[in-house]
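Everything on this sheet refers to the single structure shown next.
A note on names: the letters A, B, ... follow the listed sequences, proteins ahead of strands, and every chain is numbered from 1. Predicted model, so just to flag it, every value in this text is computed and none were measured. Hydrogens, waters and symmetry mates are skipped; everything else that's a heavy atom, side chains included, is used.
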Amino acid sequence: MLAKRIIPCLDVKDGRVVKGVNFVNLRDAGDPVELAAIYDREGADELVFLDISASVEGRATMVDVVRRTAGEITIPFTVGGGISAVEDMKRLLRAGADKIGINTAAIRNPDLITDGSRTFGTQCIVVAIDAKYNAEWGEWEVFTHGGRNATGIRAIEWAREAERRGAGELLLTSMDADGTKDGFDIKLTSAVSGSVGIPVIASGGAGNAGHFADVFAEGLADAALAASIFHYKEVSVQEVKTALHGKGVNVR
Amino acid sequence: MIAIIDYGMGNLHSVSKAVERLGRDMVVTSDPEAILAADGAILPGVGAFGDAMANLRGTGLADVVQAYAASGKPLLGICLGMQLLFTEGEEHGVHRGLDLLPGRVVRFQGDYKVPHMGWNELTFKQTSPLLEGVDPGHVYFVHSYHALPEQSSDLLAVADYHQPVTAIVGRGNLFGMQFHPEKSGDLGMALLRNFTDLTGAKRK
């Protein structure tokens, strides 16, 4: 049986991890490669690097981070952030990334999903969706630019279109849950996951190990992503997995 | 020396790094002489079956891989590279494969998520030098098509995804893994180490 995946996410700016990281025995707490190797050893099933560099130089640095990471770890990893052309995807995949995450650029130019999946295979293309509940609609709306801009697009519709265009997976972030540590957005996750035939990674709101069990059982998620609870060592990947195993969830 | 065959399909970096980490001499190459002279060869691959076969034929490497297989030296196909070992694939039309193992590659069909993506547990079906000293566990799969070997004796391991899914195949010097051993943690590395041991390739 397919195991549920636990995915730590690292925010990288100009080749350095930002947001606090509380690991002991680190030579360099800001080195994404060293942290990736630690998460690999702790039992993470995949990793996501989110490049939040604002400059061309920063993005060029990411290619080097990807190359070094690919030589260090034995689990798959996705790179997202600021990727807006098939050429960008090619550079990162050649450097050793397994998947490419696209978000704002996919909304602006949905052909990017089609072209990317046709060129590299659907399994390489992860469409990231930032969604927020719209009370007027009674469903969720897609936001872009790190959650700053409303698009007027319904999240479930967009998820379906992304799948139709060849996305291999969706990374679904609930803007309502993100940062609350009150748990994943079960309603959003189950609504989207039940509407598509591709895997859905739930993101936003993880505060403890129990939240992961909920999003797998009730949220129908295939994988769950978290950043701060892992970085600040509030709970380790291994602890989450032990808790999931205890609740009968199939994990590696 | 282990040759990682470069025919323009997908990410060779991770595979080559993994072999390097195992301490074996390795070369990523599309040169027929270098491939035929190698102690072991790996056929990786990500992408579509038809495109891959077109590339292999266009570069003349299809003949080279078939000659290599006939030489008796160990050959390992990974992911799409494993699927190409079979008779034919039904991805965007029917395409002839390398036909080294009898069987077909078909799309997952059913009311479940495709691609089969993530960590799934292996069940070993028979003994093989490739599986020597290895305990079954989870490995990382990403694929929308799966192989149906004609002969059960070619099937070394399966995973369960709404049906038994061909995970490892083997016949004599020929091996294939549907999952990505280079992305499958310690277990993946152990399987790759067994393969590189079989080649007898020199340690660095």
Side-chain angles (χ1 to χ4, degrees), chain A residues 1-7 40-47 66-78 90 92-100 117-126 163 166-170 193-194 196-201 220-223 241 250-252, chain B residues 8-22 45-49 51-52 79-80 91-92 108-123 137-145 159-162 165 179-192:
Chain A
M1 205 167 69
L2 197 61
K4 300 293 186 184
R5 290 172 278 155
I6 304 297
I7 308 178
D40 181 2
R41 281 199 295 278
E42 277 199 335
D45 296 306
E46 277 186 55
L47 294 173
V66 167
R67 189 170 295 117
R68 289 192 296 130
T69 302
E72 277 296 317
I73 68 173
T74 56
I75 55 174
F77 68 103
T78 301
K90 186 182 261 175
L92 292 162
L93 291 169
R94 292 209 131 201
D98 297 282
K99 307 177 195 178
I100 298 294
S117 66
R118 209 170 276 160
T119 313
F120 308 111
T122 56
Q123 78 287 340
C124 285
I125 307 298
V126 181
E163 177 185 16
E169 195 167 35
L170 300 175
S193 188
V196 295
I198 51 177
V200 172
I201 306 167
L220 312 175
D222 300 282
K241 289 194 155 183
N250 183 20
V251 288
R252 176 168 73 110
Chain B
M9 296 299 281
N11 176 11
L12 307 174
H13 185 75
S14 308
V15 176
S16 60
K17 277 288 171 190
V19 174
E20 215 173 82
R21 228 174 313 159
L22 291 169
V46 172
F49 195 102
D51 294 346
C79 196
L80 177 62
E91 185 167 0
H92 312 301
F108 281 116
Q109 295 280 5
D111 189 20
Y112 50 83
K113 294 195 174 186
V114 177
H116 171 218
M117 181 184 282
W119 296 81
N120 207 334
E121 198 163 8
L122 294 176
T123 304
H138 287 87
V139 290
Y140 188 80
F141 289 85
V142 190
H143 59 129
S144 302
Y145 292 77
D160 177 20
Y161 189 61
H162 304 276
V165 174
F179 53 90
H180 286 273
E182 77 282 9
K183 294 285 169 186
S184 292
D186 293 342
L187 174 52
M189 289 304 278
L191 291 165
L192 267 185

Quiz item: If we only count heavy atoms from C-beta on, is the Val200(A) to Lys113(B) side-chain gap below 4.5 Å?
Solution: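 A side-chain contact exists here, since the closest heavy-atom pair is under 4.5 Å.
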
Quiz item: Do Asn250(A) and His138(B) touch side chain to side chain, with heavy atoms closer than 4.5 Å?
Solution: yes

Quiz item: When you look at CZ of Arg94(A), are more than 12 heavy atoms from neighbouring residues, nucleotides or ligands closer to it than 6.0 Å?
Solution: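 Incorrect, the count does not exceed 12.
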
By a 4.5 Å heavy-atom criterion (distance strictly below it), what part of [X] contacts chain B: side chain, backbone, both, or neither?
X: Glu169(A); result: side chain
X: Lys90(A); result: neither
X: Ile198(A); result: both
X: Asp45(A); result: both
X: Ala223(A); result: neither
X: Ser193(A); result: both
X: Arg41(A); result: neither

Self-check item: Region of Met117(B) in contact with chain A, defined by heavy-atom distances below 4.5 Å
Solution: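 Contact with chain A is through both the backbone and side chain of Met117(B).
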
Quiz item: Checking heavy atoms, do the side chain of His116(B), its backbone, both or neither come under 4.5 Å from chain A?
Solution: side chain

Quiz prompt | Set of residues satisfying side chain to side chain contact (heavy atoms under 4.5 Å, CB included) with respect to Ala159(B), sequence neighbours excluded | solution = Asn120(B), Phe141(B)

Nearest atoms (heavy-atom pairs only) where [X] meets [Y]:
X: Ser14(B); Y: Gly96(A); answer: OG-O, 3.9 Å
X: Ser144(B); Y: Thr122(A); answer: OG-OG1, 4.5 Å
X: Ile75(A); Y: Trp119(B); answer: CG2-CZ2, 3.6 Å

Quiz item: About how many Å separate OH of Tyr140(B) and CZ of Arg252(A), when rounded to the nearest 0.5 Å?
Solution: 11.0 Å

Self-check item: salt bridge (charged side-chain N to carboxylate O under 4.0 Å, His left out) contacts touching residues 181-190 of chain B (sequence neighbours left out)
Solution: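 Found Asp98(A)-Lys183(B).
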
Self-check item: Among the listed options Lys17(B), Arg21(B), Met189(B), His162(B), the residue most often paired with chain A at heavy-atom distances under 4.5 Å
Solution: Arg21(B)

Quiz item: Who among Ala97(A), Cys124(A), Gly121(A), Ala3(A) has the most heavy-atom pairs with chain B under 4.5 Å?
Solution: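 Max contact count across the listed options: Ala3(A).
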
